[in-house]
Number of protein chains: 2
Amino acid sequence: MDAVDRKIVEILAEDARRSLTDIGAAVELSPSAVNERIRRLVANGVIRNFTVEVDHRALGLDVLAFVWVGLAPDADEATFRTFMAGHPAVAECHHVTGAWSYCVKVRMPSLGELEPFLAELKQRRFLARSETVIALSSVRESLATTAPRG
Amino acid sequence: MDAVDRKIVEILAEDARRSLTDIGAAVELSPSAVNERIRRLVANGVIRNFTVEVDHRALGLDVLAFVWVGLAPDADEATFRTFMAGHPAVAECHHVTGAWSYCVKVRMPSLGELEPFLAELKQRRFLARSETVIALSSVRESLATTAPRG
DNA sequence: GATTTTTCTGTCAACAGCGTCCATTCCCAA
DNA sequence: TTGGGAATGGACGCTGTTGACAGAAAAATC
């Protein structure tokens, strides 16, 4: 994990389809060397996945919301986590400090799906309390935040 | 935007390095047809970017936090948005309903960078009030949430 | 402390496979 | 019947991949 690796990750985060030759030119290395470094970055788990950033609206996921979860005292936290990890609407789920237990980011086709989602959380007795915040618009959205500094 | 397109996006979200031949086999189309569809998905903005999911810890970004911003009544919202869009620590910034104006997701090397960040927001007179929530661990984190349903 | 050994990382060349492009064909709607 | 959009198939050039080799750095040996 040196400066060259970081630069390579930065380039890939911007455009993962850049060719090895191209990246090699940017970091002054041969294509094979770049390939080997990428292979190692993947093997070491620094690069988790090659993927695609999507316009969720275009895919029919019009609603983005944050659900603050105050876990019920008797709730099984492991079960809750498994449920969150597997639920198709859940984009993110973080265990957080402060008054709430978890911050859950969800995407759904419409507001109509929100109530059933919350209902299921309640029914499974996960919730002591919750608060849902709906995102109206996004100034910035998970676009490559690799740069360790400006 | 038909079922085939959605399937292609889903496949790419899982692994953007799958070959056209491979994807073609999955959706029963020739590689050229898949290529043309992907080209169009990119052109139409459905696919925003080819990128890479990263282990931020490995890159030295150990801290993930949510900053809830209550915008000052006299703050210039456009300036605030520009500032957020350009700040290297800001991973996401959403305009939200409820008691707060914005939900800002930030990543930093350590907790030490948090105070200067908040200080700058204050100094620029953006803030009426704010609340910072730190993520201790993540059950799930922006791993391909393409599926409109299970 | 110098020399050998090992390990790690890069270069180079060769090849198979890939994305890209274009002409052609097919199919559906007008 | 005709026109337009989408898929096919083949050709081309580039790309990723691999393996053999070279050089530097670190570890071990004398």
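Hydrogens, waters and symmetry mates are skipped; everything else that's a heavy atom, side chains included, is used. Residue numbering restarts at 1 for every chain, and letters A, B, ... go by the order of the sequence lines.
- A salt bridge is defined here as a Lys NZ or Arg NE, NH1 or NH2 lying under 4.0 Å from an Asp or Glu carboxylate O, and A:Arg6 with A:Glu10 fails to meet this definition.
- Annotation: side chain of B:Leu12 is not in contact with side chain of A:Val54 (no heavy-atom distance under 4.5 Å).
- Residues B:Leu118 and B:Ser130 approach most closely at CD2-OG, 4.3 Å, considering heavy atoms.
- The distance from atom CD of A:Glu36 to atom C1' of D:dA20 is 15 Å, rounded to the nearest whole Å.
- A cation-pi contact, defined as under 6.0 Å to the ring centre and within 45° of the axis, links A:Arg129 to A:Trp100.
- Ionic pairing of A:Lys105 and A:Glu92 is present here: one or more N-O contacts between side-chain nitrogen and carboxylate oxygen are shorter than 4.0 angstrom.
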Heavy-atom protein contacts under 4.0 Å, nucleotides 11-30 of chain C, coded B base, S sugar-phosphate only, - none = BBB----SSSB---------
Report all interatomic pairs (protein N or O, nucleotide N or O of nucleotides 22-26 of chain D) with separations under 3.5 Å.
none

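- Rounded to whole Å, atom C1' of D:dA6 lies 12 Å from atom CG of B:Asp5.
- Between B:Leu64 and B:His56, the closest side-chain pair of non-hydrogen atoms is not below 4.5 Å.
- Between B:Phe80 and B:Tyr102, the angle of the ring planes lies from 30° to 60°, which puts this pair in the tilted group.
- Proximity of a side-chain donor or acceptor of B:Arg17 to a complementary backbone N or O of A:Ala16 within less than 3.5 Å is not detected.
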